[in-house]
Novice: 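Have a look at this one.
All chains are named by letter (A, B, ...) in the order of the sequence lines, taking the proteins before the strands, and each is independently numbered beginning at 1.
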Amino acid sequence: MKTSHILILVVIAIAIGILISTMSDLSTYDTIESAKGKPGKFLHLIAKLDTSNGKEIEYDAMKNPNYLSFHIIDSLGGSTRVVYMKGKPPTDMERSERMVLKGKMTDSAFLCDDILIKCPSKYIDDKAKISSNTK
Amino acid sequence: MPFIGEQLLPGQIGTFLAVLSLVSSLLATIAYFKATQSAIITEQQNWKRIARAAYLAEIVSVIGIFATLYIIISSHQFEYKYAWQHSNYELPMQYILACFWEGQEGSFLLWSFWHCILGGIIILREKQWEAPVMTTISFAQFALATMVIGIYFFNLKVGSNPFVLMRNEGMLSPEQFPIGFNPDGSLRSDYLSFIRDGNGLNPLLQNYWMTIHPPVLFLGFGSTIVPFAFAIAGLWKKDFSGWILPARPWALFSAGILGLGIMMGAAWAYESLTFGGYWAWDPVENASLVPWLVAICGIHTLIAYKHTGHSLRAAFLFFILQFLLIIYSTFLTRSGILGDTSVHAFTDLGMNAQLLLFLLVFVVPSLLLFGLRYKQIPTVIKEETISSREFWLFVGSLLFFISALFIIGKTSLPVFNKIFGTKYAPAQDIEYSYNKVLILFSFVIAILTAIGQYLKYKQTGRNIFLKSIWLPTIIALSIATAISIFGNINYNKYGIGFLIAIHMGIFAAVFSAIANAMYIVTGIKGKMIKAGASIAHFGFGLTLLGILISSSKKEVLSWNTSGIMVNFGEESKENSAENLTLVKGVATDMGKYMVTYLGDSTHPSDPKQYFKIHFQYKNSTDGFTLYPDAFVNYKGNEQLMANPDSKHYIHKDVFTYITSLPNPAKNKDTATFKEHKIKPGDTIFYSQGFLVLEGLGRQISRKNIPTKATDSVFAANITVYAKDSSKYSAEPLLILSGNAVQPVADTIISQSLVLAFTGAEADGIKLGVKESNSILQYVTLKAYQFPAINLLWLGILLMTIGFLLASLNHILKNRRSAMKIV
């Protein structure tokens, strides 16, 4: 056997190893309803902030600077409370049109590891807010 | 209808130049193509003359567009959308350029600008390869010119013109901007006088890195086309080896600058963004790293070919791919397809079809050409021997290439989802999912960089090799062992396997650094002009060591031990309580330090608010003060946008940033005074402790109390004993001014306590006690410690120097051999 053949085999072996390990790492995007069906599994939710019926963003840095709680609703109408234990609400959370949340569903709330906020971009905004105040 | 105050001339000039650039780059492409294809010398010369003139026109028009847009932005001509979107009056001058490339159009122009410069140098210097190489570059310029042309072609928007006007883009509407409209709904002729300021630059980008990082990165991006164009030219002209020597300095230069540009981005992220690190395996970072990795593969296989005739096909493939990956990353990062996986705010300009076309128009012909010529590319029948340098150069390149494929494959997950309709999401622990694979690759690659220099081409004698490698090995082993034992590296978050990999990685990194440093002395006898490769590898070793140590020993200082903890589950090692709240003036325990929030300050010329945070070593009198800053309520954004501040030591950085501030709107003072009737010596309890009325008097010790000589003042002397055994004194006052009774309350901020002396009776006084959170001034912050981070920066710097030195060395070599031929 030539060295090049051995090399090719080694490369294929490495590639398969990586592929398997990567595939097993992957998680999924779920709806809130389907997430409730698999509690404890790490997954991604795409939803938006729910502030209807007096639901509020709960954060008080004096009580606990690492505790944030709010409600979300997704496009299929599923809703849940979210608990985030890494700090303050992300910038512009109130203005966001969409959020990607990573974490696990539990009985009481969605325990969230990471929040990604998608804001209406100023580029997509076709009607600008013009500053007409005198400086 | 004319509008008062609008200056339309710059926009017309700009648009004209954009069209000129499109036409001249197309003309240059055709003329260079003809010059390459023609067999008759005089015809070649004629086509070349036309092509050069066209490319000169291209250079002039791109620089002209650049200058025009710069003038529009810097003179705040808000009738132009680009100026309005990206700048405002508040912006300091040094950020005007940053505004320029904040937008997609500006960054395409920047890219195009570097192609102009590089193309100009090629025309001047690379006589023999000018025509075929410049065909590719002119074509790329044409493709880039379509990105800023902004015309509609069969209802399809082609490019986005940076010279469009606000009023033509539907940016002005009677709902949002009523003052600028007539009652009949038409725009007022003096509408411009009501647009008093622009939208401004995203505050996160208001940073000096934003001024210097994009030009360097885009020079790196832009320069990858040169070795690509040489490789294509080699295939095209069937001169499979002639392109190697002239392309080599370009490839080295490109890799050096691209690497520097990427790591400048990392330094920016580390220094002024609040990721809490310099690298997060974000798709944007990956997209620029991968072409660099492949370019490195190209360089190493090219060297192997130059010395032995092996690996030529691989070199072609790598140089083609590194540029295609640049275009692919452009597609990934600008099309908005990464939207759900990246923290970077990508925006879809509605040019996805065009971006895809941009990708295909390079991918298809270049891979097709490679496929067609593949069989004709000369190879050596004889296999490399295992003891030869070229064999290991090839193995190393292959490993680098696989790791590049791994990274780009993971990054492309949203693309796969799009194509196959799947719903896969990135792994739970993104960083670890990359690190666990790449640490093994980097181990092998670092070892290879260490021994590679000591191997000879064709075949290495066992004794010669062992004789030269034993000393570096022993030195590296002892240093690495010392780091492992005394460095206290016990990163156990991912178990013992990963920890072992870290220690192995540390050895490999040290080995790479030591072996290459020693090779400068022993191998090339200190001839620095030839030391480029060794210096770059030495830098690579240091970089790797810096990465390993700083990541595995990164320490959270602001560990929160108070507050409610939520259990993330048994197996979760998530300990997320990294935010700590500091009350103004109260020293708080933070590991080795006592940390105090002393106050904050602002300056009229700077929209940021600076927070003064003092770190005091517990075991000595030394300390330092950090000033992390933040945009607070910037443009009505409720949240704050924070920038960190670091204390730099040689061996470590202490790094802190503000994560939250009190929100005055939400912390309305709803608490009320509770009245107690007490006598001196009496005690009142409150939630955090108790207080004692020590006595009453007419003497006041508080300063700045406005009293008149005719007033009678009574003071209650109170001592507050808090649960945490701290003690405070308070002195609420009662001022009798004529018939009016005026209490002056006293506040103990750290106890959220307000005391008011509200009245006096024969048998005692009335004391109001209020506990309220709203009086508290506090900040919430995170603090980290990064050891050995400077090793990383030093390594990057050396790597860049090594690349540039090697590039220079080969330029000089080529020049010498050219003179010999003449």
Novice: Heavy-atom distance under 4.5 Å to chain A: side chain of B:Phe394, backbone, both or neither?
Specialist: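 It is the side chain, since no backbone atom gets that close.
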
Novice: Give the intermediate values and the outcome of side chain to side chain contact (heavy atoms under 4.5 Å, CB included) for residues A:Ile46 and B:Lys423.
Specialist: CA-CA 12 Å; A:Ile46 298 178; B:Lys423 283 193 156 204; over 6 Å; no

Novice: Quick test of your reading: applying salt bridge (Lys or Arg N to Asp or Glu O under 4.0 Å), list the pairs with at least one residue in residues 32-46 of chain A, sequence neighbours left out, ordered by first then second residue.
Specialist: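 Found A:Asp30-A:Lys38.
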
Novice: Not counting sequence neighbours, which residues clear side chain to side chain donor-acceptor pair (under 3.5 Å) with A:Lys48? List them please.
Specialist: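 Testing A:Lys48 for side chain to side chain donor-acceptor pair (under 3.5 Å), a comparison that skips the adjacent residues, returns none.
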
Novice: Under 4.5 Å from any heavy atom of chain B, what part of A:Ile14 do you find: side chain, backbone, both or neither?
Specialist: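 Answer is side chain: those atoms of A:Ile14 sit under 4.5 Å from chain B.
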
Novice: Heavy-atom cut-off 4.5 Å, strictly under: side chain, backbone, both or neither for B:Thr780 against chain A?
Specialist: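 The answer is the side chain of B:Thr780.
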
Novice: Would you confirm whether B:Asn579, through its side chain, and A:Asn66, through its main-chain N or O, come within 3.5 Å as a donor-acceptor pair?
Specialist: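 No, the answer is negative, given that no donor and acceptor are paired below the 3.5 Å cut-off.
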
Novice: Are A:Ile18 and B:Ile402 close enough, and set up right, to give a side chain to side chain contact (heavy atoms under 4.5 Å, CB included), and what steps lead you there?
Specialist: CA-CA 10 Å; A:Ile18 291 174; B:Ile402 297 173; 4.0 Å; yes

Novice: So for B:Tyr191, is it side chain, backbone, both, or neither that comes closer than 4.5 Å to the heavy atoms of chain A?
Specialist: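 It is neither, since no heavy atom gets under 4.5 Å.
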
Novice: Could you pull out the closest heavy-atom pair between B:Tyr424 and A:Tyr29, with the gap in Å?
Specialist: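 So the two residues come closest at O-CE1, 3.2 Å.
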
Novice: I need the minimum non-hydrogen distance between B:Val437 and A:Ser21, along with the two atoms involved.
Specialist: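 So the two residues come closest at CG2-OG, 4.2 Å.
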
Novice: In sequence, state the C-alpha distance, the side-chain angles, and the governing distance for A:Leu26 and B:Leu413, and then conclude on side chain to side chain contact (heavy atoms under 4.5 Å, CB included).
Specialist: CA-CA 10 Å; A:Leu26 287 183; B:Leu413 195 63; 3.7 Å; yes

Novice: Restricting to non-hydrogen atoms, name the atom on A:Ser27 and the atom on B:Pro426 that form the minimum distance, rounded to 0.1 Å.
Specialist: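 Minimum heavy-atom separation between A:Ser27 and B:Pro426: OG-O, 3.4 Å.
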
Novice: So for B:Asp429, is it side chain, backbone, both, or neither that comes closer than 4.5 Å to the heavy atoms of chain A?
Specialist: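 For B:Asp429, neither part sits under 4.5 Å from chain A.
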
Novice: Side chain, backbone, both or neither: which part of B:Leu440 has a heavy atom under 4.5 Å from chain A?
Specialist: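 Neither the backbone nor the side chain of B:Leu440 comes within 4.5 Å of chain A.
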
Novice: What part of B:Val395 lies closer than 4.5 angstrom to a heavy atom of chain A: side chain, backbone, both or neither?
Specialist: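 Side chain of B:Val395 only, per the 4.5 Å heavy-atom cut-off to chain A.
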
